[in-house]
Visitor: 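Have a look at this one before I ask anything.
Ligands are counted one by one from 1 in listed order, and the atoms in each one are counted from 1 as well.
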Amino acid sequence: MSIQKVSTRPFKDQRPGTSGLRKKVTTFQQPHYLENFIQSIFDVIGEIKGKTIVLGGDGRFHNKEALQIIIKMAAANGIGRTMVGLGGILSTPAASCVIRKHNLLGGIILSASHNPGGPKGDFGVKYNVENGGPSPGHVTESFYRRSLEINTYCFFDAPDVDLEQLGENRIGDMVVEIFDSVADYAGLMERLFDFDRMKELFSSGKFSMVYDGMNAVTGPYARAIFEGRLGAPLGTVINGDPLPDFGGIHPDPNLKHARELVEIMNSENAPDFGAASDGDGDRNMILGRRFFVTPSDSLAILAANADLVPGYSGGLSGIARSMPTSMAADRVAEALGIQCYETPTGWKFFGNLLDAGKVTLCGEESFGTGSDHMREKDGLWAVLFWLNLLAAKEEPVKKIVQDHWRKFGRNFYSRHDYEGLEPDSANGLMDHLRESLTCLMGKYFGNYEVEIADDFSYTDPVDGSLSTGQGIRIIFRGASRIVFRLSGTGTEGAILRVYLERYEIDTERQDQDTQEALSDLIIIANNIAQIHTRTGRDMPSVIT
Ligand code: G1P
Ligand code: ZN
């Protein structure tokens, strides 16, 4: 057993995107590729000698092989202790929870989130910092800069560690602790939510739920919480075993990909409540009986009802939402007399606001919701929040949502994604939009008058850092909007995201079908961005 210094050459494509470095598995399988990026992280995060990090992943293909490499690199780089999730499993929220609970230096999470897995699928690496949140932009940029000049990495030549056995192992001077991350995470949830009330709900015999783990990381956590601590019947959790290829499904909890759950919730004898999470457990989808709750509405409803949940009954300090997320939460913030912050897309922008105590709840339209209990979005947390509301209110999901619309108005909302576009045509489309901004101001499209047309930029109110080019916003008088941006998480071609929103105060017109309610805006978006002519596409690939 010895430390080796291995010579390497830089790869030019290791710039992290919206959420870590995400590439095809085959890219990560190239000799030295993973090692270069991990060494770049170790080289720039400061003093690491003797410190503790947490390590694990969402169980996707290549997870275990990559973990063995990283464990040996951690030992060779002088890390004192590495905590590894049992079986290599660690959800993104659990990583954040463990970093904060044990005051760790940080954590490495192996995940490509909601992207497909398997040998031909995607893989990814994220580094979370000591507050438990994703690395801020200037940190990921420093990983990238380092990766462009790296010429050696350190590796401890040692046998593989058994990831399936709880307990301590040793590589050189480093302790490798295989631990059960489910216990820490479930304990945190127990402190935030009214577990007794939820237990009663399940034991009343009048309530049923189905939770879809999508064969990804949350299965073990969900079984321990719903079927274990809350006494829900066995079988409440479906697709609960993490599989390397997610059983062939795309682990993104939305109406298109969570097909099995959606079928159950639309069936004749549908349960009262349905929910799902993504590959690494930070996203959530909430469904009632034959009813879908948009993530933007979900954030607003959680905020409006937070007084019913023990962990939040003391009041909210503020709310934050990503810019493309609907403005439903803004209305709740106004009613509560608190601030609603609008940040660029990506959870990393919430970190400073949470650390400074400026916000309690945060959310993104992309099925991400969370709070100051950690520094990541948290899928199961959102499901438990809803479950706590259902137990406290004793009303169906649909009624809770409709009552919310009646009180605050409804923000009809949908996102249209055009996937696998030629990068040149996608960039051309965005350039054209940017050039059109000035002439769009004041222009009419039918009844819609453009009030603001800009390229969103954000100055962080805590550290003053400026982020520019965060999405084209076309805001119409009366609070309707169209937003255009390119994805920063895809691994194939470019993805155009078109976000559509229309505010409806008239209670008689709030129960329309969403796509119908947005049909004028859909046409306007196509005209303004010339989507069809520039991309050749007639239809979005995914509508959420
Ligand atoms: C997408 C979502 C964004 C989310 C990110 C990571 O990023 O849109 O809200 O934070 O995944 O889950 P995008 O591909 O749009 O850059
Ligand atoms: Zn995720």
Visitor: I need the protein N, O or S atoms closer than 2.8 Å to the Zn ion (ligand 2), given as residue plus atom name.
Guide: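 The answer is S113 OG, D278 OD2, D280 OD1, D282 OD1.
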Visitor: Side chain or backbone, does T489 bring an N or O within less than 3.5 Å of an N or O on ligand 1?
Guide: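 Right, the criterion is met.
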Visitor: Which atoms of ligand 1 sit under 4.0 Å from any heavy atom of T345?
Guide: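 Going through ligand 1 atom by atom, the ones under 4.0 Å from T345 are 3 (C), 8 (O), 9 (O).
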Visitor: Side-chain contact, heavy-atom cut-off 4.5 Å: R223 with D241?
Guide: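 Side chain of R223 against side chain of D241, heavy atoms only: contact under 4.5 Å found.
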Visitor: At what distance is the nearest protein heavy atom to atom 11 (O) of ligand 1, and which residue and atom is it?
Guide: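 Ranked first by proximity to atom 11 (O) of ligand 1 is R283 NH2, 3.0 Å.
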Visitor: Tell me whether S113 has any N or O atom under 3.5 angstrom from an N or O of ligand 1.
Guide: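 By distance alone, the answer is no.
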Visitor: Quiz question: by atom type and distance under 3.5 Å, do the side chains of N36 and Q14 form a donor-acceptor pair?
Guide: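 There is no such pair (donor and acceptor under 3.5 Å, judged by atom type) between the side chains of N36 and Q14.
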Visitor: In terms of residue, atom name and distance, what is the protein heavy atom nearest to atom 10 (O) of ligand 1?
Guide: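 Protein heavy atom with the smallest distance to atom 10 (O) of ligand 1: E364 OE1, 2.7 Å.
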Visitor: Among the heavy atoms of R415, does any lie under 4.0 Å from an atom of ligand 1?
Guide: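 Checking ligand 1 against R415, which is what was asked, there is a heavy-atom contact under 4.0 Å.
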Visitor: Identify, with sequence neighbours excluded, every residue that meets ring-ring contact (aromatic ring centres under 6.0 Å, His included) alongside Y458.
Guide: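 ring-ring contact (aromatic ring centres under 6.0 Å, His included) list for Y458, sorted by chain: empty.
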Visitor: Closer than 4.0 angstrom, basic N to acidic O: yes or no for E364 and R321?
Guide: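 Salt bridge flag = no for R321 with E364.
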Visitor: Would you say S19 has any N or O atom under 3.5 Å from an N or O of ligand 1, going by distance alone?
Guide: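 No: no nitrogen or oxygen of S19 is under 3.5 Å from one in ligand 1.
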Visitor: Without hydrogens or angle criteria, can the side chains of D378 and H373 be said to hold a donor-acceptor pair below 3.5 Å?
Guide: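 There is such a pair between these side chains.
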Visitor: Just to check, does G346 reach to within less than 4.0 Å of ligand 1 when the distance is taken from its heavy atoms?
Guide: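 Yes, G346 has heavy atoms under 4.0 Å from ligand 1.
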Visitor: Would one find an N or O of G488, backbone or side chain, under 3.5 Å from an N or O of ligand 1?
Guide: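 It does: an N or O of G488 is found under 3.5 Å from an N or O of ligand 1.
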Visitor: Please enumerate all residues that pass ring-ring contact (aromatic ring centres under 6.0 Å, His included) together with F226, with sequence neighbours excluded.
Guide: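 Checked F226 against ring-ring contact (aromatic ring centres under 6.0 Å, His included); matches are Y211.
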Visitor: Assess R485 against F456: is NZ or CZ under 6.0 Å from the centre of the six-membered ring, and within 45 degrees of the ring's axis?
Guide: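 No, cation not above the ring by the 6.0 Å, 45° rule.
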Visitor: Please work out whether any backbone atom (N, CA, C, O) or any side-chain heavy atom from C-beta onward of S366 is under 4.0 Å from ligand 1, and answer side chain, backbone, both or neither.
Guide: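 Near ligand 1, S366 shows its side chain, while the N, CA, C and O stay back.
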Visitor: Going by ring-ring contact (aromatic ring centres under 6.0 Å, His included), name the residues that satisfy it together with W347, two or more places apart in sequence or in a different chain.
Guide: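 Applying ring-ring contact (aromatic ring centres under 6.0 Å, His included) to W347 gives F350.
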Visitor: Are any of the side-chain heavy atoms of I69 and I38 separated by less than 4.5 Å?
Guide: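 No; the side chains remain at least 4.5 Å from each other.
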Visitor: Out of K377, E376, R497, H114, whose heavy atom is nearest to atom 13 (P) of ligand 1?
Guide: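 Nearest option to atom 13 (P) of ligand 1, by heavy atoms: R497.
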Visitor: For the pair R497 and E365, find out whether any cationic side-chain nitrogen is under 4.0 Å from an anionic carboxylate oxygen.
Guide: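 Looking at E365 together with R497, the answer is no, because their closest N to O distance does not fall below 4.0 Å.
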Visitor: Salt-bridged, K24 to D122, with N to O below 4.0 Å?
Guide: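 D122 and K24: salt-bridged.
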